[in-house]
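Side chains are part of it too, since the values below use all heavy atoms of this structure and drop only hydrogens, waters and symmetry mates. Counting begins at 1 with the first residue of the sequence.
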Amino acid sequence: MRVQEGSRADPPAIEMAPTPLRDLVERASRGDTAAFRELFERYADRVFRYGYVRLGRSEEANDLVQDVFLSVWRGLPTFRYEHEGSFPAWLFRIAARRLADRIGQRIRSRTVGLEEAPEGHLEFEGLAVSRRLIADGLERLPDRQREVLVLRFVAGLPIKDVALAVGKSEGAVTALQMRGLDHLRRYIGRDE
């Protein structure tokens, strides 16, 4: 018997729902490397972007990702999952500490000039702005404002996760974000 082409519909593709974060964290904390790999795949790009904006070099940002996830692997058995935002907040607190270590090493070994900032342009509020100008503007912000802007707009974390990561209320994070953006606007507007 021959089936005519198009006379029988292909079975619909089954789409797998992503594994809930709580399950991944709990499995990874028990040493499940597949679960840890999935956590890595979900968050590595965000950690990379967070590091790249601050460090300005892909190699250093990749090294930061490795350092962060090594620390996460070691710390997972003692991590306590409380809600959906607790893991990203914990992860980015680790990333902030590892980043501070790297910046401290950089300062102790040598100062990196602005000429090593990444090339090219980014869009900032509808304007094409050089990456160097953005990097310089971010470096001129107070630490907390810079941290909030990088976590929000580079790492792509929602306000509630940023608040957990920096240990501030959502209202305080919103205020830091607004002040940081205002300072950045004035800095970029002055040079454009």
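- Checked against salt bridge (Lys or Arg N to Asp or Glu O under 4.0 Å), Asp23 has no partners two or more places apart in sequence or in another chain.
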* Show your reasoning for whether side-chain contact (heavy atoms from CB on, under 4.5 Å) applies to Ile159 and Gln177. => CA-CA 9 Å; Ile159 293 253; Gln177 175 182 313; 3.4 Å; yes

* Evaluate ring-ring contact (aromatic ring centres under 6.0 Å, His included) for Tyr43 paired with Phe69, printing each intermediate quantity in order. => CA-CA 9 Å; Tyr43 290 98; Phe69 279 92; 7.7 Å; no

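- The nearest pair of heavy atoms linking Gly51 to Ala61 is C-CB, 4.0 Å.
- Taking CG of Leu181 as the start and CG of Leu176 as the end, the distance is 11.0 Å to the nearest 0.5 Å.
- Evaluation of the side-chain hydrogen bond (donor to acceptor under 3.5 Å, both in side chains) rule for Asn62 yields no partner, not counting sequence neighbours.
- Every residue two or more places apart in sequence or in another chain that forms a side chain to side chain contact (heavy atoms under 4.5 Å, CB included) with Arg49 is listed here: Asp45, Arg46, Val154.
- His183 places none of its side-chain heavy atoms less than 4.5 Å from the side chain of Arg140.
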* To do: Evaluate the side-chain contact (heavy atoms from CB on, under 4.5 Å) criterion for residues Trp73 and Thr33: first the C-alpha distance (whole Å), next the side-chain angles of each, then the deciding distance (0.1 Å), finally the verdict.
  => CA-CA 9 Å; Trp73 177 254; Thr33 56; 4.0 Å; yes

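- Under the 4.5 Å side-chain heavy-atom criterion for ILVMFWY residues, a single connected hydrophobic cluster contains both Phe36 and Phe92.
- Looking at residues two or more places apart in sequence or on another chain, you find no side-chain hydrogen bond (donor to acceptor under 3.5 Å, both in side chains) involving Thr174.
- Take Glu84 and apply the side chain to side chain contact (heavy atoms under 4.5 Å, CB included) test, not counting sequence neighbours, and it matches Leu21, Tyr81.
- Considering all non-hydrogen atoms of both residues, Leu157 and Pro88 come closest at CD2-CB, 4.4 Å.
- For the salt bridge (Lys or Arg N to Asp or Glu O under 4.0 Å) test, no residue two or more places apart in sequence or in another chain qualifies with Arg152.
- The side chain to side chain contact (heavy atoms under 4.5 Å, CB included) check on Ala96 picks up Tyr50, Glu147, with sequence neighbours excluded.
- Remark: side-chain polar atoms of Arg146 are paired, donor with acceptor, to backbone N or O of Leu141 under 3.5 angstrom.
- Taking Arg42 as the reference, Glu38 meet the salt bridge (Lys or Arg N to Asp or Glu O under 4.0 Å) condition, with sequence neighbours excluded.
- Every residue was checked against the side-chain hydrogen bond (donor to acceptor under 3.5 Å, both in side chains) condition with Arg93, not counting sequence neighbours, and none meets it.
- Looking at every heavy atom in both residues, Ala28 comes nearest to Leu39 through CB-CD1, 3.8 Å.
- For the pair Pro158/Asp161, a side-chain contact is recorded, criterion being any heavy-atom separation below 4.5 Å from C-beta on.
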* To do: Please assess Leu24 against Phe87 for the test side-chain contact (heavy atoms from CB on, under 4.5 Å), listing each intermediate value before the final yes or no.
  => CA-CA 10 Å; Leu24 287 176; Phe87 178 77; over 6 Å; no

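- Evaluation of the side chain to side chain contact (heavy atoms under 4.5 Å, CB included) rule for Ser29 yields Leu76 as partners, not counting sequence neighbours.
- Nearest approach of Ala89 to Leu164, heavy atoms of both residues: CB-CB, 3.2 Å.
- Interatomic distance, CG of Leu99 versus CD1 of Ile94, reported as 13.5 Å (0.5 Å rounding).
- For Glu26 and Arg22, the salt-bridge test passes: some basic side-chain N is under 4.0 Å from an acidic carboxylate O.
- A salt bridge (charged side-chain N to carboxylate O under 4.0 Å, His left out) check over residues 66-75, counting only residues at least two apart or in different chains, returns the pairs Asp67-Arg102.
- Within the structure, salt bridge (charged side-chain N to carboxylate O under 4.0 Å, His left out) contacts touching residues 164-183 (residues at least two apart or in different chains) are Asp182-Arg186.
- Of all the heavy atoms in Val150 and Arg54, the pair that sits closest is CG2-CD, 4.1 Å.
- In this structure, Arg27 contributes its side chain and Asp32 its backbone to no donor-acceptor pair below 3.5 Å.
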